[in-house]
2 protein chains.
Amino acid sequence: MRRKSTVLTQQELEIMKVVWEHDTVTVRDVYETLLKRRKVAYTTVMTMMKILEQKKYLKKNQTDRAHVYRPAQPRGKVIGAMVRDFVNRVFNGSAEPLLVHLVEEHDLSAEDLEEIARLRKDRP
Amino acid sequence: MRRKSTVLTQQELEIMKVVWEHDTVTVRDVYETLLKRRKVAYTTVMTMMKILEQKKYLKKNQTDRAHVYRPAQPRGKVIGAMVRDFVNRVFNGSAEPLLVHLVEEHDLSAEDLEEIARLRKDRP
DNA sequence: CGAATAGTACTAAATAGTTAGTATGAGACG
DNA sequence: CGTCTCATACTAACTATTTAGTACTATTCG
C-alpha cells in the first residue's frame, strides 16, 4: 500500500522507540515489549516492521532463525525530522512560538533555559 | 463517523488557522482562503467545519443567510494541547529534549533563549 | 520420524481521516 | 411567478493507517 506520511506515524513511532532502546531486535523482542503496555498481535508488529523497512527506517539482516532488525537512521535525525514537521505544520516553520508554549505550559525554569543556552554557546 | 484523535488533525488545523485569522467566518470565507493555496471543494470545507463544531472547536450562530462560525476555544489553548500531545507522544512527556532539538536544528540563538528566559522570570 | 513451535509472506479487513456529490430549500431577481 | 444562486444536510466513497488472520516453511524435540 502506498504511504503518504513522510514522517513516522504514531504506531510506527512506538515501534521505533523500542528499536532504538534495544538497538538490535527481532519482531519477537518488539512484540513482547509492546505487549507489556497493550494488547497487540505478533503479526501486527511484523507488518509494521516490514513497512518501516520499506520506508528505510529499519534494515534487516538474516542472522539465523529470525530476521534481526536495526535502525537505519539515527534516532536524533528521525526525531529531528518530526520536530521540523511539527513546527512547519503547526507554527508555519517558526520555532519561537513553540518555545514560548514549552516555557509556559511545561515546567521549564529559567535555569533550564539558561543551561540550554550555555550548551548552545559552547557549540556554535 | 466516530473520530478518535483528541487533538486537531492536519486538515482540521488548516481550517482552524483560517478561522483564528479571521475570528468570524462563513464556510465560504474559509473555502476561498483555502482555494488560494490548493484545490478543494466547498462541501469539503463544510464537512470539516461541521466536524469541528461537533468536536467543540467551532461554534456557529445563524446570523442571516449563512452560518457564521467562530472559535469555541482560544488559539493558545488548542495549540498548547497539540504541543503537549506532541511532547507526550514523541518525548514521553519531557520537554527538555524537544528544546534541545529546537536549539540545534532551528536557528535559535542564545539571545533568543535568554529573552524567553527573561520573559519566564517576569511571569513566574 | 512426526507433532509442536516459531517464523515469514501474503492477504484481508477494520478504523480513522479526508474529499466531494446529490438533493433540497430559501432568497434574489428579471 | 419562474428561474438562478447560494446555502445546508445527508450520504457516499476514497485514501491512509492499523490490525490481524491464514497458509506455508523450517526447526526443534520427544
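The model shown is predicted, which means the values in this text are computed figures rather than measured ones. Convention: sequence-line order gives letters A, B, ...; per-chain numbering from 1.
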Without decimals, in angstroms, what is the distance between A:L52 CG and D:dA16 C1'? 15 Å

The complete set of ring-ring contact (aromatic ring centres under 6.0 Å, His included) pairs with one or both residues in residues 49-96 of chain A, sequence neighbours excluded, reads A:F86-B:F86, A:F91-A:H101

Hey, could you give me each pair passing ring-ring contact (aromatic ring centres under 6.0 Å, His included) that has a residue in residues 5-28 of chain A? Not counting sequence neighbours. none

Which whole-number value in Å describes the distance from A:N61 CG to C:dG7 P? 16 Å

Integer-rounded Å distance: C:dT11 C1' and A:M48 CE: 17 Å

Rounded to the nearest angstrom, tell me the gap between atom OH in B:Y57 and atom P in C:dG17. 11 Å

Considering only heavy side-chain atoms of A:A66, the closest of C:dG7, C:dC10, D:dT19 is C:dG7

Take B:V19 and B:R70 through the test side chain to side chain contact (heavy atoms under 4.5 Å, CB included) and record every step on the way to the result. CA-CA 7 Å; B:V19 177; B:R70 60 184 67 232; 5.7 Å; no

Measure CE/B:M49 against P/C:dT19 and give the value in whole Å, please. 15 Å

Looking at residues at least two apart in the chain, or sitting in another chain, which of them share a salt bridge (Lys or Arg N to Asp or Glu O under 4.0 Å) with A:R38? none

Heavy-atom contacts, protein to nucleotides 20-30 of chain D, under 4.0 Å, summarised as B (base), S (sugar-phosphate only) or - (none) per nt, yield BBB----S---

With sequence neighbours excluded, what pairs up with B:R28 under the salt bridge (Lys or Arg N to Asp or Glu O under 4.0 Å) test? B:E32

Any side-chain N or O of B:H67 under 4.0 Å from OP1/OP2 of D:dT8? yes

Would you mind reading off the distance between A:Q10 atom CD and D:dA16 atom C1', rounded to a whole angstrom? 15 Å

Check the phosphate of D:dT19 against A:Y42, side-chain N and O only, distance under 4.0 Å to OP1 or OP2. Yes or no? no

Which residues share a side chain to side chain donor-acceptor pair (under 3.5 Å) with A:K17, sequence neighbours left out: B:N92

Is any NZ, NE, NH1 or NH2 atom of the basic residue among B:E14 and A:R89 found under 4.0 Å from an Asp or Glu carboxylate oxygen of the other? no

Please state whether the phosphate of D:dT8, meaning OP1 or OP2, lies under 4.0 angstrom from any side-chain nitrogen or oxygen of B:K50. no

Measure CD/B:Q11 against C1'/C:dA16 and give the value in whole Å, please. 14 Å

Nearest-Å distance for atom pair OH/C1', residues B:Y31 and D:dA7: 13 Å

